[in-house]
2 protein chains.
Amino acid sequence: MYYAAPIARLLEELERLPGVGPKSAQRIAYHILRSEAEGTARLAEALLEVKRVIHFCPRCFDFTEGDLCATCADPERDAATVCVVEEPRDVVAIERTGGYRGLYHVLGGVISPVDGVGPEQLRVRELLDHIAEGTVTEVVVATNTTVEGETTALYLARMLKPLGLKVTRIASGLPVGGDLEYADEVTLGRALEARREL
Amino acid sequence: MYYAAPIARLLEELERLPGVGPKSAQRIAYHILRSEAEGTARLAEALLEVKRVIHFCPRCFDFTEGDLCATCADPERDAATVCVVEEPRDVVAIERTGGYRGLYHVLGGVISPVDGVGPEQLRVRELLDHIAEGTVTEVVVATNTTVEGETTALYLARMLKPLGLKVTRIASGLPVGGDLEYADEVTLGRALEARREL
């Protein structure tokens, strides 16, 4: 036992966080010990506040503080387009591009038979409920380009196209600034297939 | 603004922690949002508890929960030897070796004229107070082997030797398992100088 009990408890809790091992937990704990009590109180309060006030938006299932999330509540957003993503962090990534003006729908995961995740475990029914309102004309499937993401995209396309919806998929290809030489063959193959006239 | 205000506040507080950048702050925040409220409450309480109950040991200036720290309060420790270190984390490192049975003294830094840190900014007077009690016969200087750590070691040696104390310095040399080929010349030079008969 090298640590006083309260320090050992803090280390244990810090090590539960993703990406925090014993070394970084120790660094953070000693930082906390050295710093002002007010700063730590602010961090503790921010942690508790987030659990107290943040919940899922009942429409898109992104995290929100209000009743609806800022995107769903914004009358300026294009309600005819819904972008389907796996997780709330993907909404952040797409919003950062500044190039999308439609709404979102967070699935809460992807179809993954290995992990026992089928469409019933995802928010597919909720997506259908949203579509049933009649304003949506295009669904952009922006799941990751992993095997599970692609499977989920195909599943959604097969289900939604018969409803008369336009279902699109974000493009695969070379990252901007990427070197042909270092691209894997699947990505390069897709980039060729999806070539556009200049 | 991609985040709900409480999430943005949590991200800001997390990014103040050492080694936590925007990406890891986001990972931690989404982990918190997904996990049980009890786990977050435990983390928040561990943070607050550490600031509430942990203080410096009035004898060695390591962090402690009790009046004296566990080492200073242990009658089995050898009170004739005091190991001087820079920071509380160094006590943890030395305790881990299991090879030291004496007491500690945490300086709270090193002499560094560049950063405006002289002996007055460190706990040198407190070390002298401890020595004045008359039980200490050897002071092991275990500051880092940086320029500042060496300067501090020399300063302490010059001050303590006239008091009739044995002042020792932890050995510099090749790390165990280290390759001669990859050792820098200063380290290798010291390892040669400090050679011992087999």
Side-chain angles (χ1 to χ4, degrees), chain A residues 1-14 16-20 23-24 26-57 62-66 69-71 87-89 91-96, chain B residues 1-14 16-20 23-24 26-57 62-66 69-70 87-89 91-96 108:
Chain A
M1 230 287 294
Y2 315 121
Y3 298 107
I7 301 181
R9 272 194 292 278
L10 176 59
L11 290 171
E12 196 188 318
E13 294 302 331
L14 288 172
R16 288 184 209 279
L17 300 176
V20 180
K23 277 276 163 192
S24 24
Q26 198 199 23
R27 240 169 105 199
I28 294 173
Y30 279 127
H31 169 88
I32 296 283
L33 282 163
R34 272 194 313 270
S35 60
E36 298 285 308
E38 298 86 71
T40 307
R42 272 204 314 275
L43 171 58
E45 176 48 29
L47 284 162
L48 295 172
E49 190 194 19
V50 131
K51 295 305 285 183
R52 201 168 52 228
V53 308
I54 299 290
H55 53 262
F56 287 124
C57 170
D62 189 6
F63 291 121
T64 177
E65 178 183 17
C69 76
T71 308
E87 299 289 349
R89 62 169 174 265
V91 172
V92 176
I94 294 177
E95 281 299 289
R96 269 203 192 117
Chain B
M1 230 287 293
Y2 315 122
Y3 297 106
I7 301 181
R9 271 195 293 278
L10 175 58
L11 290 171
E12 196 187 317
E13 294 302 332
L14 287 172
R16 287 185 210 279
L17 300 176
V20 179
K23 278 275 163 192
S24 25
Q26 198 200 23
R27 241 169 106 199
I28 293 173
Y30 279 128
H31 167 89
I32 296 282
L33 282 163
R34 273 195 313 270
S35 61
E36 300 284 310
E38 296 87 71
T40 307
R42 271 204 314 275
L43 171 58
E45 176 48 29
L47 284 162
L48 295 172
E49 190 194 19
V50 131
K51 295 307 284 184
R52 201 169 50 227
V53 308
I54 298 289
H55 53 263
F56 287 125
C57 169
D62 190 5
F63 291 121
T64 178
E65 178 184 15
C69 75
E87 299 291 348
R89 61 168 175 267
V91 173
V92 176
I94 294 178
E95 281 299 288
R96 270 203 190 116

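Proteins get letters first, then strands, A, B, ... in listed order; numbering begins at 1 in each. What you see is a predicted model, and the numbers here were worked out from it, not measured in a lab.
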Is a side-chain donor or acceptor of A/K51 paired with a backbone partner of B/S35 at a separation under 3.5 angstrom? yes

Does the side chain of A/L17 come within less than 4.5 Å of B/L43's, by heavy atoms? yes

For A/E65 against B/A4, the heavy-atom pair lying closest together: N-CB, 4.1 Å

Side chain / backbone / both / neither for B/R52 at chain A, heavy atoms under 4.5 Å: neither

Distance, nearest 0.5 Å, that separates CD of A/E95 from OH of B/Y3: 11.0 Å

Considering only heavy atoms, which portion of B/I54 lies under 4.5 Å from any heavy atom of chain A: side chain, backbone, both, or neither? side chain

If you count heavy atoms of other groups shown closer than 6.0 angstrom to CZ of B/R42, is the number above 12? yes

Heavy-atom pair count under 4.5 Å with chain B, highest-scoring of A/E87, A/E12, A/R16: A/R16

Residue pair B/G19 / A/R27: nearest heavy atoms and the distance that separates them: N-NH2, 3.7 Å

Please identify, among A/V91, A/V20, A/L11, A/L48, the residue contributing the most non-hydrogen atom pairs under 4.5 Å to chain B. A/L48

Option in A/A70, A/A29, A/A37, A/P18 with maximal non-hydrogen atom pairs under 4.5 Å from chain B: A/P18

Where on B/E45 is there a heavy atom nearer than 4.5 Å to chain A: the side chain, the backbone, both, or neither? neither

Heavy atoms, side chains only, cut-off 4.5 Å: are B/T40 and A/V50 in contact? no

Looking at A/D62, A/T71, A/L47, A/V53, which has the largest count of heavy-atom pairs under 4.5 Å with chain B? A/L47

